[in-house]
Amino acid sequence: MKNFKEMLDKDLETTFYNTNEFAQVRKIKYDGVSKDIPVVLDSEETKDRNGIGSDHAEGIYGRFIVIRVRLSDLGSEPRQGARFWIDNDLFKITNVLNEYNELIIHLERFDE
């Protein structure tokens, strides 16, 4: 019988990061390394983040997203405050959580 960690790893691989189920392959660039990896856009957490106060100048709009990636796909845990590209969009990392080698990365950018 498999232990819980082995079952979780299998579920991440076969379901959550399966591009026919939840994940989308996106071009990620971080720390000078660019690669195409499966990414899960966490729409529920993104909705919660969009409710954050808006102290920004008139005409400047915050865009907040939360993504999930496997640590093994990214290669290293990114640091808070670093620049992070998804496709051609540049974001700043505001928070990183590592849950069982799955990274939950909170990103923000400001547009006019």
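As the structure is a computational prediction, the values presented were derived from the model and not from experiment.
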- [ ] Kindly determine whether Val66 and Ile105 satisfy side-chain contact (heavy atoms from CB on, under 4.5 Å), including the steps that lead there.
- [x] CA-CA 6 Å; Val66 178; Ile105 304 172; over 6 Å; no

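The two residues Thr19 and Pro38 make their nearest non-hydrogen contact at CG2-CB, 4.5 Å. Taking both residues in full, the closest heavy atoms of Asn95 and Gln80 are given as N-CG, 4.3 Å, listed atom of the first, atom of the second, then distance. Contact detail for Arg26 and Ile86: the closest heavy-atom pair is NH1-CG2, 3.6 Å. Residues Pro78 and Val96 come closest through the heavy atom pair O-CG2, 3.5 Å.
Here the straight-line distance linking atom CZ of Phe110 with atom CZ of Phe64 works out to 4.5 Å at 0.5 Å rounding. With rounding to the nearest 0.5 Å, the separation of CG in Asp42 from CZ in Arg68 is 4.5 Å.
Looking at Arg109 and Ile65, their side chains never come closer than 4.5 Å, going by heavy atoms from C-beta outward. You'll find the side chain of Asp31 stays beyond 4.5 Å of the side chain of Val33, heavy atoms only. For the pair Leu90/Arg83, a side-chain contact is recorded, criterion being any heavy-atom separation below 4.5 Å from C-beta on. Val40 is not listed as a side-chain neighbour of Glu102, based on a closest heavy-atom distance of 4.5 Å or more. Looking at Ile37 and Leu74, their side chains come closer than 4.5 Å, going by heavy atoms from C-beta outward. By the 4.5 Å heavy-atom criterion applied to side chains, Glu99 and Ile104 are counted as neighbours. Residues Leu103 and Glu77 are in side-chain contact: their nearest non-hydrogen atoms beyond the backbone lie under 4.5 Å apart. With a 4.5 Å cut-off on side-chain heavy atoms, Ile28 and Val39 count as touching.
With respect to the salt-bridge test (charged N to carboxylate O, under 4.0 angstrom), the residues Arg63 and Asp89 qualify. The pair Asp87-Lys27 does not meet the salt-bridge criterion, since no charged nitrogen lies less than 4.0 angstrom from a carboxylate oxygen.
Judged by distance alone, the side chain of Lys92 and the main-chain N or O of Leu107 form no donor-acceptor pair under 3.5 Å. The main-chain N or O of Val69 is found under 3.5 Å from a side-chain atom of Tyr17 such that the two form a donor-acceptor pair. For the pair Ser34 (side chain) and Lys29 (backbone), a donor-acceptor distance under 3.5 Å is absent.
Criterion: ILVMFWY side-chain heavy atoms under 4.5 Å apart, direct or through other members. Under it, Trp85 and Val25 are not part of a common hydrophobic cluster.
Using bins of under 30°, 30° to 60° and over 60° for the plane-to-plane angle, the ring pair Tyr30/Phe84 lands in the tilted bin.
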